[in-house]
Amino acid sequence: MNLTLHVWRQAGPSEAGRLVTYDAPDVSPEMSFLEMLDVVNERLIERGQEPIAFDHDCREGICGSCSLVINGVPHGPRRGTATCQLHMRTFSDGDHIWIEPFRARAFPIVRDLIVDRSAFDRIIQTGGFIGVSTGSAPDANAIPIPKAVADRSMDAAACIGCGACVAACPNASAMLFTAAKISHLGLLPQGRPERTKRALAMVQRMDLEHFGGCTNYGECHTACPKEIPLETIALLNRDYLKASLVSRD
Amino acid sequence: MELNANIPSGPIEKAWETHRFEMKLVSPANKRRYTIIVVGSGLAGASAAATLGELGYNVLCFTYHDSPRRAHSIAAQGGINAAKNYQNDGDSVYRLFYDTVKGGDFRSREANVHRLAEISLNIIDQCVAQGVPFAREYGGLLDNRSFGGAQVSRTFYARGQTGQQLLLGAYQALERQIAAGSVQMFTRSEMLDVVVVDGQARGIVTRDLVTGEVHSYAADAVVLGTGGYSNVFYLSTNAKACNVTAIWRAYKRGAAMANPCFTQIHPTCIPVAGDYQSKLTLMSESLRNDGRVWVPKAKDETRRARDIPEAERDYFLERKYPSFGNLAPRDIASRSAKEVCDEGRGVGDTGQGVYLDFADAIGRLGEDTIRERYGNLFEIYERITDENPYQVPMRIYPAPHYTMGGLWVDYNLMSTIPGLHVIGEANFSDHGANRLGASALMQGLADGYFVLPYTIGHYLATAKPGPVDTSHAAFGEVEQEIAHRTRRLLEIRGKRTVDSIHQELGRIMWNHCGMSRTAAGLSQALERIPALRDEFWQNVTVPGGNEQLNQSLEKAGRLADFLEFAELMCRDALDRSESCGGHFREEHQTSDGEALRDDEHYAHVSVWEYRGPEAAPVLHSEPLTFDHVALAQRSYK
């Protein structure tokens, strides 16, 4: 099939960006979306032009590197699917496709479709861990954890840190990302001791990084390639409220 | 070059314990005076950097990703082994040790493997304490599954995302240390060389991938946890950026390379669909617990899988290996799949595929149980192929996946450059000629959490590296070499893209140094690789400049190193005139097509020393002795 792409090109953080139109002829429906971009880039390079820069690595939907807003939707039209797992059979011959970076004040553009998501790391640094140093662990089976609890924790832990939730949110809130980590750790008995401190610190960091507040649109969950449940946000709110009341810091 | 593996004497069960006692310590107050560079933030790198930070060292950690959480360890699916014997099925440290030595086809060091098996117990404890949500049974205790090459269930898993969960555990520990100030993290920074001063590794030089600036960093010791080199085949299950650059540059500075030809071709990957294919996707080996591998008995079968009656199917793994069946080790399962495809019995449009069928398991256990066990893998498969594996069998084919070879290290994980330590897949140590499933995560974390943090202290306490900073002339020289090389790459402005040359290299390697190898094929590859390397340096085109984010330039630098490394890999494969594990030389097979080792001549580690751009590398060998697991032909029948 033959497609027309409208791609955001921007040479650097302080340069002006614009949409540039490219033809993408002879696209196979079996190609992944990123393979389609590879082919477009190969043609650009052969003509001596600079290829479209985009983040990607594992191409298996797990590393969280890939991003892209495709036709206005982070990670494109398929639910629960990261861009790298999106295949061209989702599109039709003659389609125009608009490809833009994830947009949020907290995710400054680095180049073309690449944005800086290091704010997520800084949120984790403030409390997204269990404070256990190497060598100090008891036997793995010492604490039985009900299967349902472990499963819920795993549902939240599946977050790949891609940032689609932020790109989808009208407020550019990082609530789903932060809530996923707070739920993953807080649901487990190992994560309980630091629960209060964790909720306060991570939410505070989120605000400092210029992510917006959560007003329950739910767009984050819709865009999430791992379909992190919205209930994690309720868990975060509960932890945060409780922490605000009991914290002695 | 002197190779001293520094294996502790005495009984193997006590070796690590004795060694830990005998190693010198660095006192808590002195640790902060030592700077350690860790390159890579995967399971090995992140766990090492976090642990060294906890101990009080001053740690600098580098990754070319935008975040340490993106390292390719994250893509490991199936699980991690540990000899916990929670299933009461007869597992023990000794059995895990035995299985790993045998699975590696007797080409690994017994002492290293025994230590790995011992430490496996601590790893699971540590990860659970960190909050890794491993699969559990209804009673609340940890669940296990079985994996290839073992007859016990010792594999711990978190759905099909075990690597992700273990890496996030290590990443979170690392971020905690970054917040504490003990680790300084450098993202989007690619290490381009090691700096050696007075014979000791004293730093690295990096390129900032956003600005193009070249930076030097000095330290008292350097640790490489930079992963494997499967992308020498272009198409592999590795992430796109995985490369050989860090270990290759270290090799050219004096670190010996061990067994580069030992590569693992994983049996269960989604077959190639077209020539635009950018990478291959693994389907976890755990699927072979419930999936049955088959092809039609007849050649050129045209019926759909479901229309082929039971009697006309060949469940070739169950037929050839009745005791291990579909759980035969990876090298054996891969070669068997190639065999039936070469006979013309392969399935799919290309004929390069075999079925992995879940119909029986779904009938026996129900679709819900199968979804619970493998749901996310089935989803990945369906996204890529547009076929529903609950209804039609998966099609799979072997693909390059893991590299057992790597920089040579001694028992302390130190390379032949004093101070340069190598951990995880980047070293050659524990898997011999074939790695068993769920052992890579185990080794990466063993090295990073529990081995290196002890041994590096011993190095610092005994070598007592003196003060060196980046004003030393050695740093300036390396920076200039890098600047020169970058300029050269940008000035060629030829006609071919980096990827087109990489694809060509991949085809050479897959055809001649892939699943089966011959002296004639390897000799041919050894002629074609230097020619392709010349083509690269004369005719590649790298658009853009240096002082910017330039992904073509990044790829070009990595390919330049693959083009040199590939030659050493073929040279090693040609030299090893035997078959063992993943290294199958067609000239050396038993009458029924199994790998035929030559223990008299090749029970050793092949260790290559760099002697300059014009000279041939020199081959050394480290003899391997087997005092505990008797040398025997592997049998999984």
Side-chain angles (χ1 to χ4, degrees), chain A residues 12 28 30-32 34-35 38-39 42 45-46 48-51 53 55-65 81 85 87 89 110-111 114 116-118 120-121 124-126 128-134 137-141 144-147 150 153-154 157-158 161 184-185 188 190-191, chain B residues 50-51 54 65-67 69-70 72 74-75 84 86 124-126 128-131 133-142 158-159 161 164-165 168 172-173 175-176 178-179 187 210 239-241 273-274 276-279 281 380 383-384 386 449-450 453 497 499 541 543-544 548-549 551-552:
Chain A
S28 156
E30 303 304 316
M31 281 180 183
S32 74
L34 297 183
E35 283 168 347
D38 289 342
V39 173
E42 285 289 284
I45 297 168
E46 280 163 9
Q49 297 175 24
E50 290 194 45
D55 264 328
H56 65 98
D57 201 26
C58 78
R59 300 201 174 194
E60 294 181 17
I62 195 76
C63 75
S65 296
T81 305
Q85 294 286 283
H87 279 67
R89 64 179 81 93
V110 178
R111 186 182 177 87
I114 297 179
D116 177 354
R117 290 170 283 191
S118 55
F120 273 7
D121 289 335
I124 298 295
Q125 276 160 31
T126 58
F129 48 76
I130 289 173
V132 47
S133 293
T134 305
D139 184 84
N141 258 348
I145 300 174
K147 184 174 185 305
S153 173
M154 180 63 212
H184 159 211
L185 300 176
L188 299 172
Q190 304 93 302
Chain B
T51 304
E54 288 163 7
H65 286 106
D66 66 328
S67 162
R69 67 180 292 154
R70 313 259 188 241
H72 191 55
I74 204 148
K84 284 285 195 185
Y86 284 159
I124 297 304
D125 298 343
Q126 185 64 30
V128 167
Q130 286 173 342
F134 282 120
R136 285 175 186 270
E137 293 170 2
Y138 283 100
L141 302 182
L142 292 158
R159 297 194 187 145
Q161 293 135 272
Q164 179 199 27
Q165 294 309 314
L168 291 180
Q172 287 162 199
E175 293 294 336
R176 173 170 167 251
I178 295 170
T187 57
V210 177
K240 292 294 286 176
Y276 48 81
Q277 189 96 27
S278 62
K279 73 148 315 199
T281 301
I380 293 176
R383 297 239 160 90
I384 293 175
D386 208 22
Y449 282 133
F450 295 109
T497 64
D499 280 357
T541 183
Q548 64 174 78
L549 187 145
Q551 292 175 318
S552 303

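Just so it is clear, the model here is predicted, and its values are computed rather than measured. In what follows, chains are A, B, ... by sequence order, proteins preceding strands, each numbered from 1.
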Output, in order, the C-alpha distance, side-chain angles, deciding distance and verdict of salt bridge (Lys or Arg N to Asp or Glu O under 4.0 Å) for A/Asp121 and B/Arg69. CA-CA 9 Å; A/Asp121 289 335; B/Arg69 67 180 292 154; 5.7 Å; no

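- Ranked by heavy-atom pairs shorter than 4.5 Å toward chain A, the options B/Ala129, B/Ala135, B/Gly140 are led by B/Gly140.
- Contact count against chain B (heavy-atom pairs under 4.5 Å) is highest for A/Arg89 among A/Glu42, A/Arg89, A/Glu60.
- Looking at A/Asn141, both its backbone and its side chain come within 4.5 Å of chain B, counting heavy atoms on both sides.
- Annotation: maximal heavy-atom pairing with chain B below 4.5 Å, among A/Asp116, A/Thr126, A/Ile114, occurs at A/Ile114.
- Of all heavy-atom pairs spanning B/Asp125 and A/Ala140, the tightest one is OD1-N, 2.8 Å.
- Using a 4.5 Å cut-off on side-chain heavy atoms (C-beta onward), A/His87 and B/Asp386 make no contact.
- Nearest heavy-atom pair, A/Ile130 versus B/Gln130, reported as atom, atom and distance to 0.1 Å: CD1-O, 3.3 Å.
- Within the 4.5 angstrom heavy-atom criterion, atoms from both the backbone and the side chain of A/Ile45 approach chain B.
- The choice from B/Thr51, B/Asp499, B/Leu141 that makes the most heavy-atom pairs within less than 4.5 Å of chain A is B/Leu141.
- The heavy-atom pair separating A/Glu50 from B/Gln548 by the smallest distance is OE1-NE2, 2.8 Å.
- A/Ile145 is not listed as a side-chain neighbour of B/Phe134, based on a closest heavy-atom distance of 4.5 Å or more.
- Your options are B/Gly131, B/Pro453, B/Gly274, and the one with the most heavy-atom pairs under 4.5 Å with chain A is B/Gly131.
- Atom CD1 of A/Ile62 is separated from atom CD of B/Gln164 by 3.5 Å, given to the nearest 0.5 angstrom.
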Could you check A/Asp57 against B/Arg70 for salt bridge (Lys or Arg N to Asp or Glu O under 4.0 Å), going step by step and ending with a plain yes or no? CA-CA 8 Å; A/Asp57 201 26; B/Arg70 313 259 188 241; over 6 Å; no

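- In this structure a side-chain-to-backbone donor-acceptor pair under 3.5 Å is present from B/Gln165 to A/Ala157.
- Across all their heavy atoms, A/Val132 and B/Glu54 have their closest contact at O-OE2, 4.2 Å.
- With chain A as partner, the option from B/Gln551, B/Lys84, B/His65, B/Arg176 having the largest number of non-hydrogen pairs under 4.5 angstrom is B/Arg176.
- Counting heavy atoms from C-beta outward, A/Arg59 and B/Thr281 have side chains that stay 4.5 Å or more apart.
- With rounding to the nearest 0.5 Å, the separation of CD in A/Glu35 from CD in B/Gln277 is 5.5 Å.
- Contacts between B/Leu168 and chain A at a heavy-atom distance below 4.5 Å involve the side chain alone, from C-beta outward.
- Interface summary for chain B: among A/Gly161, A/Gly191, A/Gly61, the most heavy-atom pairs under 4.5 angstrom belong to A/Gly161.
- Highest contact tally toward chain B, considering only A/Ser28, A/Gly12, A/Ser118, A/Ser32, is held by A/Ser28 [criterion: heavy-atom pairs under 4.5 Å].
- In terms of non-hydrogen atom pairs under 4.5 Å with chain A, the most contact-rich of B/Ala239, B/Ala241, B/Ala273, B/Gly139 is B/Ala239.
- Smallest separation of non-hydrogen atoms from A/Met154 and B/Pro133: SD-CG, 3.7 Å.
- Ranked by non-hydrogen atom pairs under 4.5 Å with chain B, the options A/Asp55, A/Asp38, A/Val39, A/Leu34 are led by A/Asp55.
- Although no hydrogens or angles enter the test, the distance criterion places a donor-acceptor pair under 3.5 Å between the side chain of A/Gln190 and the main chain of B/Val128.
- For chain B, the option among A/Cys58, A/Ser133, A/Ala137, A/Pro144 with the highest count of heavy-atom pairs below 4.5 Å is A/Ser133.
- Contact check for B/Ser67 versus A/Arg117: no side-chain heavy atoms found under the 4.5 Å cut-off.
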Could you check A/Leu185 against B/Gln172 for side chain to side chain contact (heavy atoms under 4.5 Å, CB included), going step by step and ending with a plain yes or no? CA-CA 11 Å; A/Leu185 300 176; B/Gln172 287 162 199; 4.0 Å; yes

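- For the pair A/Gln125 and B/Ala179, the tightest heavy-atom approach, listed with the atom from each and the gap, is O-CB, 3.4 Å.
- B/Ser278 OG to A/Met31 CE: the interatomic distance, rounded to the nearest 0.5 Å, is 10.0 Å.
- Atom OG of A/Ser65 sits about 11.0 Å away from atom NE2 of B/His72, to the nearest 0.5 Å.
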